[in-house]
Novice: 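I am attaching a structure below and will ask some questions about it afterwards.
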There are 2 protein chains.
Amino acid sequence: MKTKKEVTIYDIAQKLELSSATVSRGLQDHPAINKNTRKRIQETARELGYRHNNFASNLRKQKTNTIGVLVHELNSNFITSVLAGIEKITTEAGYDLIIAHSSESSVKEAANAVNLFHKRVDGLIASLAFDTADLSHFGLFEEKGIPVIFFDRVEEKGESTKVIIDNYKCGYQATQHLIEQGCKRIVLVTANLKRNVYAQRHKGYADALYDNNIPFHKKYVLIKDLSEQCGVEAAMEILKMNPLPDGAFITNDFSAAVCMQTLKDHGVRIPEDIAIVGFNNDAIGKIIEPQLSTIDYPGIDMGEIAARNLINHLKGLSNIKHTNTIVIRSNLIVRESSQRKK
Amino acid sequence: MKTKKEVTIYDIAQKLELSSATVSRGLQDHPAINKNTRKRIQETARELGYRHNNFASNLRKQKTNTIGVLVHELNSNFITSVLAGIEKITTEAGYDLIIAHSSESSVKEAANAVNLFHKRVDGLIASLAFDTADLSHFGLFEEKGIPVIFFDRVEEKGESTKVIIDNYKCGYQATQHLIEQGCKRIVLVTANLKRNVYAQRHKGYADALYDNNIPFHKKYVLIKDLSEQCGVEAAMEILKMNPLPDGAFITNDFSAAVCMQTLKDHGVRIPEDIAIVGFNNDAIGKIIEPQLSTIDYPGIDMGEIAARNLINHLKGLSNIKHTNTIVIRSNLIVRESSQRKK
DNA sequence: GATTTTTATACAACCGATTGCAATATGAAA
DNA sequence: TTTCATATTGCAATCGGTTGTATAAAAATC
């Protein structure tokens, strides 16, 4: 446990007979310092095993070099990809990450926001919980001028910057596809319509029906929580319907997989009896049988774009106040679960 | 962008006509400070909107209050659970987390270790990459007396503290179960045998065969990377074997699912022709058909235990040097994919 | 009433890097 | 040779808590 003393810029300064100011600047390649001196400083630093002290630096600079990430859950493929994208960019830019998840509770989300605020993150990237309606817990950031970027689950009304996909288009496409496969009684399994992503998908669904002269029935819209259990529940409700629906758009692949499984257990043939489209292009979709049609959207790009915008803003290269909404590409992948016409 | 001035202990001190030292102690409920004064200090702090400055504090205390977590990947259910467990405990104890993943590359793992070292984490929780053989990149931590706890993927020889499951027992149990179902030609699909978890599972497999007088054949052991692709490859290799194997123990549920899928596509009946057991009890196992038998082990407990031990050590409540190995419970879950006898 | 002990608070150094401004040196232009 | 611009480097304050030690006041002991 012989904790060796840490090497500081003062040690380097002493060894080279320079001032600590020069060493500090030299380590950052400050142009005011002679090129040769800079080299000597950096060499000596390496030699002595110097490591930069973020705390001293942050304290002085009044910046934390840390970005907070606030997500609803960590357990989906999609979120993991987004995080990977964020991490890639922030790491390159030398920022640290603090990741917090709210377990789909807006109360916990608010607590996490406050917590990250106290940790003094330089910026925040967030995706809202199902039921977050009021963004007041982000007001703290606003007040202090700390930039916040939302992705995927956002508040549409707000003027904050957001990175999203065109959920309306996705909903429309999925529904249109089912209609083209001959479906007339299409169930929509989705979550809280107050959340933008579900509201938009719902709107796309409804409009596609309308454009094809198919009546919209409220009973075909099942609002769930998109959990494992919900897949079973949705299936049971579908089975009780008479006549049986012939199509289902389930806005989450995992739930869709469970639902499909349950329907099959009850003798329903997929896609002959009911054609199914999921959402997210989770790896699971290719493993189950039949393989699941779904909407693909690139989490990693979403993460990268959100992070890049935030960092450019922090570096003063751009201003997110000028960019309101960034829309990422997305598209329908047709697999067996919905393909009735070759 | 009216960045209001931050409130410091000096502001509180001034308002209450106390010294900053007293305020600092008061905020931490230091017993030397009069109870009444403490209350006044804390009230004023709240009133003024004071937030503690970690950087100043860390700088002075020479502690970061941060724990590093180094994992091979973020994409599995298991790892996510472990992280949830770690997060729960560390958050309770007021520690921050920095999470780094090595993408199964020991080179990147080493780079991450160095990085976390420079970030001055107070402690480290790590699970090794497939091919990490030499732990020298953890030497930095050792030298500085920074505690490191390994979990799941560990180096058995090392004297560092580890939290693991009994992989030998699991391998034995799974194999024994397949034998009891009448399997005689059992394939093992696993990863790099240099990594403890796979070595032990392999040993359990081999011993179970031996104890049941079933010859061990090297050709039945397929070393893969447990990716999606590997499931397909394994299936193709199995299909080429003559006679066809009648059982498979695949040490990862996702790979097992893909493998099973591929086998089914080629007309193999599960479990009638080949009985299959996976590993990890991933959610996927209950969705696929037939449902997958697997080994369940509680990631969340592993995370909690690792974190708790580390924190107790940091707080001086215990010393991890005294605890070498902690073994978590695990057990076989039998589902349809391996059940041939009623 | 004098002395010791306890309680409560203040003083001041410290953690390590950053940065505006001053100072010095060097070289070029006048 | 003097003057001015430019290139380098140093000075010293600053960021905001923490903590060992000193001090003062109050309480307890003899």
Side-chain angles (χ1 to χ4, degrees), chain A residues 3-42 44-45 48-66 94 96 117-120 122 144 316, chain B residues 3-42 44-45 48-66 94 96 117-120 122 144 316:
Chain A
T3 306
K4 266 177 274 172
K5 195 77 181 330
E6 284 292 337
V7 178
T8 71
I9 53 169
Y10 300 100
D11 300 321
I12 301 175
Q14 190 166 36
K15 177 147 185 186
L16 294 175
E17 299 187 313
L18 288 169
S19 75
S20 64
T22 303
V23 174
S24 173
R25 293 191 173 100
L27 286 170
Q28 305 171 65
D29 260 333
H30 195 291
I33 305 298
N34 185 293
K35 228 175 191 170
N36 206 31
T37 314
R38 275 186 275 180
K39 209 175 136 203
R40 280 168 55 226
I41 290 171
Q42 285 162 19
T44 311
L48 262 44
Y50 166 79
R51 39 178 197 162
H52 179 83
N53 189 318
N54 274 311
F55 305 106
S57 171
N58 289 341
L59 175 58
R60 176 60 224 245
K61 290 197 294 193
Q62 299 285 68
K63 292 187 46 199
T64 66
N65 245 59
T66 300
D96 277 346
F117 178 69
H118 279 125
K119 295 256 169 67
R120 306 187 188 212
D122 288 340
K144 274 255 165 18
Chain B
T3 306
K4 266 176 276 170
K5 196 73 180 331
E6 285 291 339
V7 178
T8 71
I9 53 170
Y10 298 101
D11 300 320
I12 301 174
Q14 191 165 35
K15 176 147 186 186
L16 294 175
E17 299 188 310
L18 286 169
S19 77
S20 65
T22 302
V23 174
S24 173
R25 292 194 171 101
L27 286 169
Q28 304 170 64
D29 261 332
H30 194 291
I33 306 298
N34 185 293
K35 228 172 190 172
N36 206 30
T37 313
R38 274 186 277 182
K39 207 173 139 204
R40 280 168 55 225
I41 290 172
Q42 285 162 18
T44 311
L48 262 43
Y50 167 80
R51 41 178 194 161
H52 179 82
N53 189 319
N54 272 311
F55 306 106
S57 168
N58 289 342
L59 175 58
R60 176 59 224 240
K61 290 197 294 192
Q62 299 285 67
K63 293 189 44 198
T64 65
N65 245 55
T66 300
D96 278 344
F117 178 69
H118 279 125
K119 295 257 168 67
R120 305 186 189 213
D122 288 340
K144 275 256 167 8

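The sequence lines fix the lettering, A, B, ..., with proteins before strands; numbering per chain opens at 1.
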Novice: Indicate the atoms forming the closest heavy-atom contact of Val7(A) with Tyr50(A), along with that distance.
Specialist: O-CD1, 3.3 Å

Novice: Can you figure out which of dA17(C), dA13(C), dT19(C) approaches the side chain of Lys61(A) most closely?
Specialist: dT19(C)

Novice: Any side-chain heavy atom of Ile41(B) within less than 4.5 Å of one from Leu16(B)?
Specialist: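 In short, these two side chains touch, coming nearer than 4.5 Å.
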
Novice: To the nearest angstrom, how far is Ile12(B) atom CD1 from dT9(C) atom C1'?
Specialist: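 Spelled out: CD1 on Ile12(B) to C1' on dT9(C) is 16 Å.
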
Novice: For Tyr10(A) and dC15(C), what is the distance between atoms OH and P respectively, to the nearest whole Å?
Specialist: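 Nearest whole value for this atom pair: 9 Å.
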
Novice: Checking Phe117(B) now: which residues fulfil ring-ring contact (aromatic ring centres under 6.0 Å, His included) with it, not counting sequence neighbours?
Specialist: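 With neighbours one apart ignored, the set is Phe141(B).
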
Novice: Pairs in or reaching into residues 20-38 of chain B: which pass salt bridge (Lys or Arg N to Asp or Glu O under 4.0 Å), with residues at least two apart or in two chains?
Specialist: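 Sorted pair list: Asp29(B)-Arg38(B).
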
Novice: Could I get the full list of side chain to side chain donor-acceptor pair (under 3.5 Å) partners for Asp96(B), not counting sequence neighbours?
Specialist: Lys119(A)

Novice: Within this structure, what is the NZ-to-P distance between Lys63(A) and dT19(C), rounded to whole angstrom?
Specialist: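 Atom-to-atom, Lys63(A) to dT19(C), this comes out as 10 Å.
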
Novice: What residues, two or more places apart in sequence or in another chain, satisfy side-chain contact (heavy atoms from CB on, under 4.5 Å) together with Arg60(B)?
Specialist: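 Scan of Arg60(B) (side-chain contact (heavy atoms from CB on, under 4.5 Å), adjacent residues dropped) gives none.
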
Novice: Who are the side chain to side chain donor-acceptor pair (under 3.5 Å) partners of Thr64(B), not counting sequence neighbours?
Specialist: Asp122(B)

Novice: Which part of the nucleic acid, if any, lies within contact of Ser24(A), taking any heavy atom under 4.0 Å across all strands shown: a base, the sugar-phosphate backbone alone, or nothing?
Specialist: base

Novice: Within the structure, does a side-chain N or O atom of Ser19(B) lie under 4.0 Å from either OP1 or OP2 of dA10(C)?
Specialist: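 Result: yes.
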
Novice: Of all nucleotides in DNA chain D with an atom under 4.0 Å from a non-hydrogen atom of chain A, which is the first and which the last going 5' to 3'?
Specialist: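 Extent of the interface on DNA chain D: dT8(D) to dG16(D).
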
Novice: Please list residues of residues 51-58 of chain A whose heavy atoms come under 4.0 Å from any atom in DNA chain D, ordered by number; otherwise none.
Specialist: none

Novice: Could you tell me which non-hydrogen atom of Thr8(A) sits nearest to which non-hydrogen atom of Asp11(A), and how far apart they are?
Specialist: N-OD2, 2.8 Å

Novice: Any chance you could measure Ile9(A), atom CD1, to Leu18(A), atom CG, to the nearest 0.5 Å?
Specialist: 11.0 Å

Novice: Please identify each residue that fulfils side chain to side chain donor-acceptor pair (under 3.5 Å) with Gln28(A), with sequence neighbours left out.
Specialist: Ser24(A)

Novice: DNA chain C: Glu17(B) or Arg120(B), which has the more 5' nearest nucleotide?
Specialist: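 Its nearest nucleotide lies further toward 5', so the answer is Glu17(B).
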
Novice: So how far off straight is the helix from dG1(C)-dC30(D) to dA30(C)-dT1(D), going by the axes through five pairs at either end, to 10°?
Specialist: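 That helix has its two terminal axes inclined by roughly 50°.
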
Novice: Who passes side chain to side chain donor-acceptor pair (under 3.5 Å) against Ser20(B), sequence neighbours left out?
Specialist: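 With neighbours one apart ignored, the set is empty.
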
Novice: Can you sort out the partners of Lys15(B) under side-chain contact (heavy atoms from CB on, under 4.5 Å), two or more places apart, ordered by chain and number?
Specialist: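 Listed in chain order: Thr44(B), Glu47(B), Leu48(B).
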
Novice: Once you round to the nearest 0.5 Å, how far does NE2 of His118(B) lie from NE2 of His52(A)?
Specialist: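 Between His118(B) NE2 and His52(A) NE2, I get 11.0 Å after rounding to 0.5 Å.
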
Novice: If each of Arg60(B) and Arg25(B) is mapped to the nucleotide of DNA chain C with the nearest heavy atom, which maps nearer the 5' terminus, i.e. the 5' end?
Specialist: Arg25(B)

Novice: Check each residue of residues 26-41 of chain B for a non-hydrogen atom within less than 4.0 Å of any atom in DNA chain C, then write out the ones that pass by number, or none.
Specialist: Ala32(B), Ile33(B), Asn34(B), Thr37(B)

Novice: Does the side chain to side chain contact (heavy atoms under 4.5 Å, CB included) test come out yes or no for Asn54(A) and Asn65(A), once each step is laid out?
Specialist: CA-CA 9 Å; Asn54(A) 274 311; Asn65(A) 245 59; 5.6 Å; no

Novice: When you measure from the side-chain N and O atoms of Gln62(B) to the phosphate of dG16(C), is any distance below 4.0 Å, counting only OP1 and OP2?
Specialist: yes

